[in-house]
Novice: 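One structure follows; several queries about it will come next.
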Amino acid sequence: TRLQGDWSSDVCSSDLKEPNYIQLLELDKETNQISRIHHNGVAGSLKYSHGSTNLLASKSSNGDIYIFDFLSEQNSLNSKPFKTLKGQTDSISSLSWNKSKASLLLSGSLNKQILIWDINTQSEESTNILYPLKTYNTNCEVRAVSWNTQRSSLFAACGGSGLITM
């Protein structure tokens with residue numbers, strides 16, 4: 001199954017009955033569920049890209065981040081991720097897409113790291129695996145990250161220290 005069109009009215013969620021699937025739901029349809037995507041490990045922290053309505057990032061219980069591209073010629077809803085982001089060594093707590101630079105994704109982790117990813121970076125030869133563009137080490141577990149919507153190079157993070165860092 002391939003989906004076309006504007007995804008702005010769509011919602012996705014991890015299926016609580018089957019945690020290794022992502023459900024795609026459309027609010028305006030009589031039957032809300034559009035489709036399900038198989039996911040390696042328990043899916044969490046699902047984020048659609050601001051600049052590309054067909055890209056969805058999801059964190060996995062194994063520390064990887066998966067990027068699904070619903071309109072890619074190589075991908076359909078039940079296929080493998082378009083990209084796999086590797087580099088986090090602990091549970092990922094938060095994801096945030098950059099609104100101005102649509103290919104940039106920010107991730108925060110309980111391992112006291114903030115990673116910036118560029119999904120337009122060339123993958124390793126013959127794989128779809130990407131590694132971080134930049135790594136920031138912090139003094140505490142990172143609980144949430146968010147890009148500034150007006151300044152594309154500014155982001156905020158907060159964690160166990162009780163402080164917000166920008």
Side-chain angles (χ1 to χ4, degrees), residues 1-15 18-26 33-111 113-136 142-149 152-153 155-157:
T1 304
R2 293 198 21 143
L3 298 179
Q4 305 283 333
D6 180 12
W7 286 77
S8 59
S9 66
D10 299 335
V11 175
C12 63
S13 68
S14 178
D15 190 333
E18 296 181 86
N20 289 3
Y21 285 89
I22 297 172
Q23 293 182 87
L24 294 175
L25 309 170
E26 189 165 356
Q33 184 168 315
I34 296 172
S35 188
R36 295 178 340 143
I37 303 169
H38 185 265
H39 194 278
N40 289 338
V42 177
S45 194
L46 304 171
K47 298 286 181 182
Y48 275 113
S49 170
H50 295 290
S52 179
T53 57
N54 57 303
L55 293 179
L56 173 71
S58 69
K59 72 178 183 100
S60 181
S61 55
N62 67 5
D64 291 343
I65 299 169
Y66 300 115
I67 308 295
F68 294 93
D69 182 352
F70 300 128
L71 300 181
S72 169
E73 290 300 318
Q74 296 86 14
N75 290 37
S76 66
L77 287 177
N78 296 311
S79 67
K80 294 180 181 178
F82 166 64
K83 302 275 184 174
T84 300
L85 312 183
K86 291 188 172 285
Q88 293 287 14
T89 58
D90 203 342
S91 179
I92 299 166
S93 54
S94 184
L95 298 172
S96 178
W97 286 99
N98 190 306
K99 190 170 185 176
S100 301
K101 296 179 181 176
S103 66
L104 294 182
L105 181 69
L106 193 61
S107 66
S109 177
L110 301 181
N111 70 350
Q113 287 187 325
I114 300 166
L115 276 57
I116 297 177
W117 312 86
D118 185 345
I119 64 163
N120 285 343
T121 303
Q122 194 68 1
S123 300
E124 283 190 349
E125 194 173 312
S126 74
T127 71
N128 66 347
I129 295 173
L130 291 180
Y131 294 96
L133 183 66
K134 188 151 180 117
T135 301
Y136 295 93
V142 179
R143 299 288 178 178
V145 293
S146 182
W147 285 104
N148 183 293
T149 59
S152 63
S153 61
F155 65 86

Novice: Please list all pairs passing the salt bridge (charged side-chain N to carboxylate O under 4.0 Å, His left out) test where one or both residues lie in residues 84-110, with sequence neighbours left out.
Specialist: D64-K86

Novice: Report yes if the side chains of W117 and L95 come closer than 4.5 Å at any heavy-atom pair, otherwise no.
Specialist: no

Novice: Which value, rounded to the nearest 0.5 Å, describes the distance between K83 atom NZ and I67 atom CD1?
Specialist: 9.5 Å

Novice: Considering non-hydrogen atoms only, spot the tightest contact between Q113 and G87 and give its length.
Specialist: OE1-O, 4.3 Å

Novice: So which atom in L104 and which in W147 form the shortest heavy-atom distance, rounded to 0.1 Å?
Specialist: O-NE1, 4.1 Å

Novice: Please assess I119 against W97 for the test side chain to side chain contact (heavy atoms under 4.5 Å, CB included), listing each intermediate value before the final yes or no.
Specialist: CA-CA 11 Å; I119 64 163; W97 286 99; 3.9 Å; yes

Novice: Just how far is it from atom OG of S103 to atom CG of N120, taken to the nearest 0.5 Å?
Specialist: 4.0 Å

Novice: Is any side-chain heavy atom of S60 closer than 4.5 Å to a side-chain heavy atom of I65?
Specialist: no

Novice: Output all residues satisfying side-chain hydrogen bond (donor to acceptor under 3.5 Å, both in side chains) with S58, sequence neighbours left out; order by chain, then residue number.
Specialist: H39

Novice: What residue among T84, L85, D118 forms side chain to side chain contact (heavy atoms under 4.5 Å, CB included) with L130?
Specialist: L85

Novice: Compare all side-chain heavy atoms of Y136 with those of F155 and state whether any distance is below 4.5 angstrom.
Specialist: yes

Novice: Considering non-hydrogen atoms only, spot the tightest contact between P81 and Y66 and give its length.
Specialist: CG-CD2, 3.4 Å

Novice: If you take all heavy atoms of S109 and S91, which pair is closest and at what distance?
Specialist: OG-O, 3.0 Å

Novice: Under a 4.5 Å cut-off applied to non-hydrogen side-chain atoms, are L115 and L106 in contact?
Specialist: no

Novice: N98: what forms a side-chain hydrogen bond (donor to acceptor under 3.5 Å, both in side chains) with it, not counting sequence neighbours?
Specialist: none

Novice: Any chance you could lay out the side chain to side chain contact (heavy atoms under 4.5 Å, CB included) test for S96 and V145, step after step, and finish with the verdict?
Specialist: CA-CA 6 Å; S96 178; V145 293; 4.3 Å; yes

Novice: Can you give me the closest heavy-atom contact between S93 and L110, atom names plus distance?
Specialist: CB-CD2, 4.3 Å

Novice: Please report the shortest heavy-atom distance between G63 and I92, naming the atom on each side.
Specialist: O-CD1, 3.1 Å

